[in-house]
Structure formats: structure tokens, C-alpha cells
Q: 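Handing you a structure now.
First the proteins, then the strands, lettered A, B, ... as listed; each starts at 1. Keep in mind that the numbers below use all heavy atoms, side chains included, and drop hydrogens, waters and symmetry copies.
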2 protein chains.
Amino acid sequence: MNSKKKLRKAGLRATKQRIVVADILFNGQHRHFTAEDLQSEIIKIGKHMSLATIYNCLKSFRDLGVIKQVESLSETAVFDTNVEYHHHFMNEETGELIDIKPSEINLSKLPKIPEGYSQSGLDVIIKLRKNS
Amino acid sequence: MNSKKKLRKAGLRATKQRIVVADILFNGQHRHFTAEDLQSEIIKIGKHMSLATIYNCLKSFRDLGVIKQVESLSETAVFDTNVEYHHHFMNEETGELIDIKPSEINLSKLPKIPEGYSQSGLDVIIKLRKNS
DNA sequence: AAGTAGTTTAGAATGATTTTAAAGTAATTT
DNA sequence: AAATTACTTTAAAATCATTCTAAACTACTT
Ligand SMILES: [Mn+2]
Ligand SMILES: [Mn+2]
Ligand SMILES: [Zn+2]
Ligand SMILES: [Zn+2]
């Protein structure tokens, strides 16, 4: 099934722009990318698309669930007076952080570190929602 | 020891502004805050300080190691074609992400979820540096 | 007290993202 | 197939966090 059909099936209009983006993204290989990464790629294949459109498109794809947006704690810099190594609970609605002592978490199995690299940090973020 | 002495000992000039910030931050209780949070608090106690100064001050405190800046993956939105639940390696120099399958990580001990909340997500980020 | 280097600040600049509003187009209805 | 309509795209402006600039200021040294 081509991108055009998939878009229609998902309830999105099959615009030229969405088809270009879908054709680039859904080629079978997974990837991490920014809106600008995508725009560069689009320019490389001789096409043009405004950044606003790319953001619109990525957000509708994300809302559809066919891509996801990597979680970033916050758009703004957050500082912490606790300088000990520790992890965080994050209230998803408010962004509020609560400390977790490393002793409260146990990672009994860790993945193999890629060749040529070594681990320089570990962050665990447990996201919370208020009970309904 | 007062803030003035502590700043001097750390090799920073004991400016009026740094003393105000230190007096607010180092009162014994830990906290998470943004530059603007701090500015609001400063305004509340009848003082004035430019945001540029607050950023300067927080960055020098951070570089000293007396506060830390909470890690955020990236300042720009990153999208991922892998919509399955998974974790990430992150190259600290480049920001590049590599997927980690949940089966490669085992959290055998998790902290107690705060009263009235439930867990809505879990993110593990393992930071990497190239071997020297 | 004078000198010097580090610091503060208003305001401009930057970079990512969103908004505006006008023009364009996909899907639907005649 | 043309008309209709709602959704989409886009350039440009706006917004927001953060950094930069350059001039005024001030903490510490001599
Ligand atoms: Mn990128
Ligand atoms: Mn805040
Ligand atoms: Zn913390
Ligand atoms: Zn991923």
C-alpha cells in the first residue's frame, strides 16, 4: 500500500507534502531526526517545503502514532540544588520533578555499550499522572 | 559560613547578585527551578535582577558544581520512527541516539510511586562518550 | 585611592517553534 | 467536470528561551 492510501486510511488528506515526508520516513529503517534534518533531506532531493509545513506534518504523524517525539524533560533549562547522582519522577502535566535516590532503583541488566564508547551517564525518568 | 565567604573561597567574586541567589538557593532544602522561577522569587522579595545575570550566575554555580543542570535530551524536537516502547543511548558529543530494546534492560527494583499518582512512562537514557 | 579585571545589564541577536492570514488544493457535492 | 468546502501550505511575523554585545559598574588588588 502506498503512502497516499495510508494517509487516506488514517483520515489525513494525502497532500503532496505529506506524501514526500512519508516516502522518506517509512522506508523500513528506523531513525531519529529533527524537522530541519528532514528539510535538508527534502532539499537534497530537489524539493522544497517550508519548515512550518514540516512541523505541521510531523505533529500530525505523531498524533496518528506513526512516529513518536522523543521525550525531552523540558524546553527550558531546569536547575537542581541536588548535585548527587540521582533520578527523577516527572509529573507529566506540570513538569514538576521529584528526586529518586539511586538506591531506590536497581538496574540488574544493562545493554552492551556500543564498540568504542563507554558509559558516561545514566538517567532514569519515571513519568507520573495524577490518579483519575 | 556565609554566602560571601563561600563565593570567595570558590574563587568567584562575591557580588550582590550572587549573594542574593546563593541565599535563596542554599537554605538547606533541595529544589528544581528555572531561571525565571528564580527571577520571580527575587522580584517577590523586592529585588531586581536581569535574566542575563541570573543565567550567568546559575551557569557559574553549575560550573562550580554547587548546583546541577537537569539533563534534557536536546534543545530541539527530535522525532523517532520507532514507535515501540524503548530506551536510548545518547552520544553526549553529538546528541545522536541509538535505540535500546526494553528486553536489554532490567529494572529489578523501582521506587514507590508517590501517593495519588501512577506511573505513565519510563525513560532510560544511557549517555556515551567515545573512548579516549 | 587608584587600577584592573571580572560582572551586570539593557537591549539586540539568535534559534527553535508557533501563529497569522492569505493563497492553494484535496475531497466532496452537485 | 465544475463548484463547493474544509483542510493545508506558506511566507512572514511573532513568540519564547537563551546568548551576545558593549557600555557602565564594582569587587578585589595594589
Ligand atoms: Mn539532527
Ligand atoms: Mn518552573
Ligand atoms: Zn533532582
Ligand atoms: Zn529511538
Q: Decide if the gap between the ring center of B:H87 and the ring center of B:F89 is smaller than 6.0 angstrom.
A: no

Q: May I ask you to say what B:T53 touches in the nucleic acid, namely base, sugar-phosphate or nothing, with a heavy-atom cut-off under 4.0 Å?
A: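 If one applies the 4.0 Å heavy-atom cut-off, B:T53 turns out to touch a base.
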
Q: Mind calculating the distance between CG (A:L38) and C1' (D:dT9) to the nearest angstrom?
A: 16 Å

Q: Tell me which residues in residues 15-24 of chain A put a heavy atom below 4.0 Å from DNA chain C, sorted by number, or none.
A: none

Q: With a non-hydrogen cut-off below 4.0 angstrom, is B:A77 in contact with a base, only sugar-phosphate, or nothing?
A: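 Sugar-phosphate contact only.
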
Q: Whether A:E41 and A:R31 form a salt bridge (side-chain N of Lys/Arg under 4.0 Å from carboxylate O of Asp/Glu) is what I want to check.
A: yes

Q: For B:Q39 and C:dT9, give me the distance from atom CD to atom P, rounded to whole Å.
A: 10 Å

Q: Run the side chain to side chain donor-acceptor pair (under 3.5 Å) test on A:T34 and A:D37 for me, step by step, so that the C-alpha distance in whole Å, both residues' side-chain angles and the decisive distance to 0.1 Å come before the verdict.
A: CA-CA 5 Å; A:T34 66; A:D37 290 338; 3.2 Å; yes

Q: Could you state the CZ-P distance from B:R13 to C:dT8, rounded to the nearest angstrom?
A: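 These atoms are roughly 10 Å apart.
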
Q: Side chain to side chain donor-acceptor pair (under 3.5 Å) for A:H30 and B:D99? Distances and angles first, verdict last.
A: CA-CA 9 Å; A:H30 284 156; B:D99 286 348; 4.6 Å; no

Q: Start at the 5' end of DNA chain C and walk down; is the nucleotide closest to A:A52 or to B:E75 reached first?
A: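 This one resolves to B:E75.
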
Q: Closer to the 5' end of DNA chain D via nearest nucleotide, is it B:L12 or B:K59?
A: B:K59

Q: 5'-most contact on DNA chain D: A:T76 or A:G11, nearest heavy atom basis?
A: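 The residue mapped nearer the 5' terminus is A:G11.
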
Q: Could you tell me whether B:A35 contacts a base, only the sugar-phosphate backbone, or nothing, with contacts defined as non-hydrogen atoms closer than 4.0 Å?
A: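 No contact.
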
Q: For a quick check of understanding: with a heavy-atom distance under 4.0 Å over all strands, which category does A:K4 fall into, base, sugar-phosphate or nothing?
A: nothing

Q: Considering only NZ, NE, NH1 and NH2 on the basic side and carboxylate oxygens on the acidic side, decide whether B:K127 and B:E93 come within less than 4.0 Å.
A: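 Not counted as a salt bridge, because no side-chain N and carboxylate O are separated by less than 4.0 Å.
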
Q: Given atom CG of A:L51 and atom P of C:dA16, what is their separation to the nearest angstrom?
A: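 Atom CG in A:L51 sits about 9 Å away from atom P in C:dA16.
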
Q: Rounded to whole Å, how long is the line connecting atom CG of A:L7 with atom C1' of D:dC7?
A: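 Atom-to-atom, A:L7 to D:dC7, this comes out as 14 Å.
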
Q: For B:V21, run the side chain to side chain contact (heavy atoms under 4.5 Å, CB included) check against B:C57, B:S3, B:S60 and tell me which one passes.
A: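 Per the side chain to side chain contact (heavy atoms under 4.5 Å, CB included) rule, the option paired with B:V21 is B:C57, out of B:C57, B:S3, B:S60.
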
Q: Only one of B:N82, B:D80, B:D123 clears side-chain hydrogen bond (donor to acceptor under 3.5 Å, both in side chains) with B:H88; which?
A: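 One option only clears the test, and that one is B:D80.
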
Q: Using atom NE2 of B:H48 as one end and atom C1' of C:dG11 as the other, report the distance to the nearest whole Å.
A: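 Rounded to the whole Å, the gap is 12 Å.
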
Q: Report the distance from atom CZ of B:R8 to atom P of C:dG6, rounded to the nearest whole Å.
A: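 Between P of C:dG6 and CZ of B:R8: 16 Å.
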
Q: Can you check the B:N56 CG to D:dA22 P distance for me, whole Å?
A: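 Rounding to the nearest Å, CG of B:N56 and P of D:dA22 are 16 Å apart.
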
